Amino acid sequence: GQTYTVGASVSINSPGAGTLTGTINVTDGTNNCSIVLPAMTCNLPATTVGAVTVSATYAGDTNFNASPTAQLAHNIGQAQTTVTIGSSTPNPSTVGQEVIVTYSVAVTAPGAGTPTGTVTITDGTNSCVGTVAAGQCTITFTSNGSFTLTATYSGETNFAGDTSPGLVHQVCGGAAAVVSNTNDTGAGSLREALAGICPGGSITFSPDFATPQTITLAGEIVIDSDI
């Protein structure tokens with residue numbers, strides 16, 4: 001997608017003399033540009049990756065004959081890209097809930113054009129795949145916790161791939177949880193309630209705890225969010 005400048009000049013063979021006019025026609029076999037003398041450059045667009053042969057031919061004018069064609073090899077590389085995750089919605093989500101992750105792929109200057117191909121969103125275990133044009137895909141999570149999502153653009157013939165910085169997504173059990181027994185683990189336990197509660201949520205104790213009871217823990221419980 002980037003344009004590149006081609007320089008060409010034409011000279012008069014001795015014993016001829018005078019001032020050249022007219023044009024030098026430049027082509028890579030697909031794309032063309034013209035140099036109108038006395039200018040010495042024109043711009044060609046890079047539309048395919050790989051080696052191309054750039055040819056320049058002076059067309060001649062009333063007083064001067066056309067020139068033989070001059071050729072030069074030119075190499076065109078892939079344009080670089082930047083893939084970015086925009087959002088994950090809803091965040092936080094619950095286990096099994098569909099989460100829409102949005103993303104975008106931008107071409108890094110001086111490259112230009114429209115990338116195609118696919119983008120993979122993953123946390124290392126769960127993943128979804130969408131096209132560049134779609135701009136989103138749907139992922140589900142199988143457990144509670146904090147997950148770092150990254151987007152990887154696969155790249156294609158004309159555009160290089162890229163991987164995004166991480167976006168943190170929270171999966172939790174909801175905004176409220178109830179402790180209903182004194183077990184160390186399992187449903188209704190304090191440990192499970194703390195592990196599953198969403199940030200900003202609340203934990204309450206069932207009426208069974210109206211009489212003071214003791215919960216014996218096999219190990220420490222880490223509380224790392226506001227509840």
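Just so you know, these numbers come straight off a predicted model, no measurement behind them.
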Just so I know, are the side chains of [X] and [Y] near enough to count as touching, which here means a heavy-atom distance under 4.5 Å?
{"X": "F205", "Y": "V178", "result": "no"}
{"X": "T94", "Y": "C172", "result": "no"}
{"X": "T3", "Y": "L44", "result": "no"}
{"X": "L37", "Y": "I24", "result": "yes"}
{"X": "T216", "Y": "T182", "result": "no"}

Atom CG of N65: over 12 foreign heavy atoms under 6.0 Å: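 No, the 6.0 Å shell around CG holds no more than 12 heavy atoms from other groups.
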Within 6.0 Å of CD1 in I221, more than 12 heavy atoms from elsewhere: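 Buried by this count: over 12 neighbours within 6.0 Å.
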When you measure from the side chain of [X] to the backbone of [Y], do you find a donor-acceptor pair of N or O atoms at a distance under 3.5 Å?
{"X": "S164", "Y": "A151", "value": "yes"}
{"X": "S67", "Y": "Y58", "value": "yes"}
{"X": "N91", "Y": "V168", "value": "yes"}
{"X": "D184", "Y": "I215", "value": "no"}
{"X": "Y153", "Y": "T116", "value": "yes"}
{"X": "S154", "Y": "T118", "value": "yes"}
{"X": "T27", "Y": "G29", "value": "yes"}
{"X": "Q80", "Y": "D162", "value": "no"}
{"X": "R191", "Y": "E220", "value": "yes"}
{"X": "Q97", "Y": "P92", "value": "no"}

Without hydrogens or angle criteria, can the side chains of [X] and [Y] be said to hold a donor-acceptor pair below 3.5 Å?
{"X": "T140", "Y": "E98", "answer": "no"}
{"X": "T23", "Y": "S34", "answer": "no"}
{"X": "T69", "Y": "T57", "answer": "yes"}
{"X": "T53", "Y": "Q71", "answer": "no"}

Restricting to non-hydrogen atoms, name the atom on [X] and the atom on [Y] that form the minimum distance, rounded to 0.1 Å.
{"X": "P115", "Y": "V105", "result": "CG-CG1, 4.1 Å"}
{"X": "I85", "Y": "V101", "result": "CG2-CG1, 3.8 Å"}
{"X": "S180", "Y": "S206", "result": "CA-OG, 3.6 Å"}

Working for side-chain contact (heavy atoms from CB on, under 4.5 Å), residues H169 and F141: CA-CA 10 Å; H169 182 88; F141 298 87; 3.5 Å; yes
Qualifying side chain to side chain donor-acceptor pair (under 3.5 Å) pairs with a residue from residues 39-50, counting only residues at least two apart or across chains: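 For residues 39-50, and leaving out neighbouring residues, the side chain to side chain donor-acceptor pair (under 3.5 Å) pairs sorted by first residue read T5-N43, N31-T47.
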side-chain hydrogen bond (donor to acceptor under 3.5 Å, both in side chains) assessment of S104 paired with T84: CA-CA 5 Å; S104 61; T84 305; 4.7 Å; no
Pairwise distance CG(L194) to CD1(I203) - rounded to 0.5 angstrom: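 Reported to 0.5 Å precision, the distance equals 4.0 Å.
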